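All values derive from a computational prediction rather than experimental measurement.
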Amino acid sequence: QAQILSVLTFGLGLVGCFSNYNTTTYREARPTKTAKMGDVTRRKGRPEDTTGMGKAAMVRNKTVNPNQITAEQLLREAVDRQEEEAKPPKQYIADEDELQMYKVRKRKEYEDTIRMQRQNVGCWVKYAQWEAAQQEFRRARSIFERALQVEYQNISIWLKYLEMEMKNKFVNHARNLFDRVTQLLPRVDQFWYKYSYMEELLGNYAGARSIFQRWMEWEPEDNAWLQYVKFEERCREIDKARNVMEQYVNARPTQQAFVRLTRFEEKHNNTLRARSGYEKAVELLGNELDEQFYMKFAAFEHRQKEMERAQAIYKLALDVLPKGGSDELYRAYVNFEKQHGDRDAIEEVVLNKRRFIYEEGIKQNPRNYDVWFDFCRLEESAGDVGRIREVYERAIANKPPVDQKRYWRRYIYLWIYYALFEELQTGDIEKARMVYDKALKVVPHKTFSFAKLWKLYAEFEVRQLSLDRARRIFGRAIAECSKERIFMDYADLEMRLGNIDRCRKIYEKFLEAHPHNPKAWNVFVDLEDSVGELERARQLCELAISQERLDMPELVWKRYIDLEVSNDELESARQVWLRLLEKSSHVRVYIAFSEFEAGTAASMERARESLEKGVKHFKSEQRSDERAMLLEHWLKLEREHGDDDSVQAIVKRQPKRVKKRRKLPTEEGQQEQYEEYMEYVFPDDKPEQQNLKILEMAHMWKKRKMGGGGAAAA
C-alpha cells in the first residue's frame, strides 16, 4: 500500500506537469546593443523585458499536451509493478537439542530486549507469557516478579500475572497474589472484584464475604457496596444484605444511597423500613434533596394506597423546594390531585404556581405595576383577606423614582384598587378612608395631581352620606389641584343635590382659575340656560366674547348663537353672526352663517347676500382657494334650497383649475428655473385677464422692436 501510494503521488505530479504545458523552448540570441550598454529604459508601448533575452524571448505555449496520463492508468501500473511481501520461512524443530537451542536463543533475545528497554512493560509481559506457553511456570513467575520490582504499581502486570495463575488453575498462588495486590493497591477496585468473583466461583462464600468486608473497610464507591448486597442476595442472606445496605447508607449518606435502601426494602416487602428510610433522608438531607426524591417518596406512598401521606409529601416538597426547580414535581402533583384530590386542592396548586411566577417577575423589576395588578387580582380571587392586604401593601411601597406624571399613572391605580377592595369587599370603611388619605399624601400635588383620585374619594364619602367630607375633599382639590375636571365633578355633585347657588360659586371659581378656557364659560352658560336665566346666560356670553385672550373663541361664539337659536331669537342670533363676521373673515364663518340663514332662518336671500359678500371680500384680498371653496358651498346650498335658474347661475361662476408656470428666483450666472403650480380661473375675472394678457403682449412686442432697432444702428 505504501508503494502504491508513493507511485500514485509521483504519477499525479507528472499529470500536472505534462497535461497542462508543453516544454518551453527559448532561442539563444545575442544581447542587443542597448542591453550591453546597460540601458534599462523600455520603448513606448512595449512591456518591460524580465527575461534578459530582449526580442528573442518567446511566449510560453500553454496549450494542452495531446498525450494525457490518467490516474486509473497510474494505479494499474502501480499494482502491476508491486512486489510480493517477504514472508519468513517456517521453522521446524526436530529433536530435544534443537528445542533447547531455540529456547536459549529466545531467552537471550528477550533478556537483551528488557535490558535495553527496562521500563517497557510489554516486553516483560511477552517474556513471561512465552515462558508460560513453554510450561516454564517458575520462570514465568520469576519474570513477573522482576517486572513488579521495576514498577509494582502497574495494573497491567498484576492482571497478566493473575490471569496466568488462574488460567493454569494455580488457586493458592492466585490467592496469594490477590492478597498482595489488595494490600499494595487497595483503591484499585478491579482486583477486589476479581478476587471476590474467583472465591464465589470456587464456592468459598465465607472467603468471598471476608474479602468484601475487608474491601468495605476502605469505603469504596457505590457500585462496590451494591455488589456486596447482590452477593448476599445470591447467597439468600437477606438480613446480612440489609446490614450491608445500612452500613452503605452510614458510610455514604447521599440521596441516591437512601433511594437504593428504600428500593431494597420495598423489593423485600418491608414497607415500614422503606418508609423510615425516606423519612430519615428527609430528616438528614432536607436541603440537599431534589424534586425526584420527593416524587419517588410520593409514588411509594401511592403504591401503598396512602393517598393522604402522598398529598402531604407533595405539599411539603412544594413548600421546601425552590419554585424554579420543581416544574416536574408540580405537574406530578397536579396529575395526582386530578386522580385523587378535589377541586379546591387543584386550585390551590395552580394558585401557588402563579404566585411563584408573579414573585419572580417582581424580583426582576419591583416597579412593574402590571405584575402587581395581576398578583392582586390573583389574591382577590383566592379570597384570603390577609394575603390580599399584604400584596397591596407591598405594591404601594414601590413608589416611582421620579416625580413625573407618566411614571405615576399606573402606580396610583394600586391605591385606587386597594381602597375599592377595602370598601366593597371587606366593608372596612375606616380602612378605605385611611387608604385614600395616604394616597393623597403620597402624590406630589405641587408638581402634578390626579383628578380621578380626588373624585373617587369624594364619591366614596357621598356613598357614606358624608356630604360635608365630600365638599371638603373637593375644596382641597380645588386649592391643591385646580384641574378642569375637579370643577366639573364638584358642580355635577351639587347639581345632583339641587344646590344651584353652590354650582354658580363653583363655576365662578372655575372662571377665576381658568379665565381663558372656553369650556369654563360654556358650562356656566349651560347652567344658567338650564335654570331658565336667559339674561344671565346672555351676559355671560357677552363677557366671554369681550375677553381679549381666549384659547378657542369660536366655541364661545357658537354657544352664544346656539343659546339664541334654542330660545327662538333668530334676529339676535343673526346680530351675533354679523358681529362675528366683523371680528373674523374666515371662510368657515361665512359658510356657517350661510347655513344658518338657509337652514335655521329659512331665508335663502340672506344666505345669498352673505355668500356674495364673502366672495367679494376674498376676491378683493386675492384669496382664490377660499373664494373657490365659498362658491362650491354656494352651489351646494342652491341645489338643496334653490331653483334651477339659481343653480345654473352659480354653476357658471364656478372656477376652473389650470396649470401654470412661474419663474423661480435664481442667483446671477445660474440657469433660469421654472416651477408648475395650479391656479383657479374665475369666469367673473375673464375680461380683466384678457386685457392684462393683451397689455402683456404689447409690452413684449415693444421690447422686441427696440432690440431690433438698436442692432441695426450698431
*Decide salt bridge (Lys or Arg N to Asp or Glu O under 4.0 Å) for Lys108 and Asp112; before the verdict, give the C-alpha distance in whole Å, the side-chain angles of both, and the deciding distance to 0.1 Å.*
CA-CA 6 Å; Lys108 185 176 186 304; Asp112 292 340; 3.2 Å; yes
_Gap between atom CD of Gln100 and atom CZ of Arg105 - 0.5 Å precision_ = 12.0 Å
*asked:* Donor-acceptor check, side chain of Arg410 to backbone of Asp370, threshold 3.5 angstrom: yes or no?
replied: no
*asked:* If the threshold is 4.0 Å, N to carboxylate O, is there a salt bridge linking Glu266 and Arg273?
replied: no
_For Ala94, is there any backbone N or O sitting under 3.5 Å from a side-chain donor or acceptor partner on Glu98?_
yes
*asked:* Has Asn154 got a side-chain atom pairing as donor or acceptor with Ser156's backbone, closer than 3.5 angstrom?
replied: yes
_Carboxylate-amine/guanidinium contact Arg354 Asp374, below 4.0 Å_ = no
*Charged N to carboxylate O below 4.0 Å: is that the case for Glu199 and Arg209?*
no
*Do Glu301 and Tyr278 have a side chain donor and acceptor closer than 3.5 Å?*
no
_Under 3.5 Å: donor-acceptor pair, side chain of Trp192, backbone of Pro186_ = yes
*asked:* When you compare the side chain of Ile362 with that of Asn368, does any pair of heavy atoms fall below 4.5 Å?
replied: no
*Using a strict cut-off of less than 4.0 Å between a Lys/Arg side-chain nitrogen and an Asp/Glu carboxylate oxygen, indicate whether Glu232 and Lys240 qualify as a salt bridge.*
no
_Trace of the side chain to side chain donor-acceptor pair (under 3.5 Å) decision for Glu217 with Gln213_ = CA-CA 7 Å; Glu217 292 177 359; Gln213 290 174 354; over 6 Å; no
*Between Tyr314 and Phe336, is the gap from one ring center to the other below 6.0 Å?*
yes
*Can you tell me how far the CD atom of Glu265 sits from the CD atom of Glu246, to the nearest 0.5 Å?*
7.5 Å
*Indicate yes or no for a side-chain donor-acceptor contact from Asn398 to the backbone of Arg394 under 3.5 Å, with no hydrogens or angles considered.*
yes
*Minimal non-hydrogen separation, Phe293 against Ala281, with atom names*: CZ-CB, 3.3 Å
*asked:* Is there a salt bridge (Lys or Arg N to Asp or Glu O under 4.0 Å) between Arg138 and Glu131? Walk through the geometry before answering.
replied: CA-CA 9 Å; Arg138 293 183 61 186; Glu131 292 289 357; over 6 Å; no
_From Gln247 atom CD to Trp225 atom CH2, the distance as rounded to the nearest 0.5 Å_ = 5.5 Å
*Quick one: pull up CG in Leu177 and OH in Tyr195 and give me the separation to the nearest 0.5 Å.*
10.0 Å
*asked:* Using 0.5 Å steps for rounding, measure from the CD atom of Glu306 to the OG1 atom of Thr271.
replied: 9.5 Å
*With rounding to the nearest 0.5 Å, note down the distance linking CH2 in Trp124 to OG1 in Thr113.*
11.0 Å
_Carboxylate-amine/guanidinium contact Arg107 Glu111, below 4.0 Å_ = no
*Could you please spell out the steps behind the salt bridge (Lys or Arg N to Asp or Glu O under 4.0 Å) verdict for Arg76 and Glu72?*
CA-CA 6 Å; Arg76 191 181 296 114; Glu72 182 181 0; 2.9 Å; yes
_Parallel, tilted or perpendicular, judged at 30° and 60°: which one describes the rings of Tyr161 and Phe144?_
parallel
*Using the salt bridge (Lys or Arg N to Asp or Glu O under 4.0 Å) rule, take Glu145 and Arg180 through it: C-alpha gap first, then chi angles, then the decisive distance, then the call.*
CA-CA 12 Å; Glu145 293 294 339; Arg180 285 173 59 194; 2.9 Å; yes
_Could you walk me through whether Asp222 and Gln256 satisfy the side chain to side chain donor-acceptor pair (under 3.5 Å) test, starting with their C-alpha distance in whole Å, then the side-chain angles of each, then the deciding distance to 0.1 Å, before giving a yes or no?_
CA-CA 9 Å; Asp222 296 352; Gln256 190 65 27; over 6 Å; no
*Less than 4.5 Å apart, any side-chain heavy atom of Phe191 and any of Leu159?*
yes
_Within 45° cone and under 6.0 Å: Arg141 NZ/CZ vs Phe170 ring_ = yes
_Closer than 4.0 angstrom, basic N to acidic O: yes or no for Glu165 and Lys194?_
no
_Main-chain N/O of Asp239 paired to Asn243 side chain as donor or acceptor, under 3.5 Å_ = yes
*Aromatic ring proximity Tyr193/Trp215, centre distance under 6.0 Å*: yes
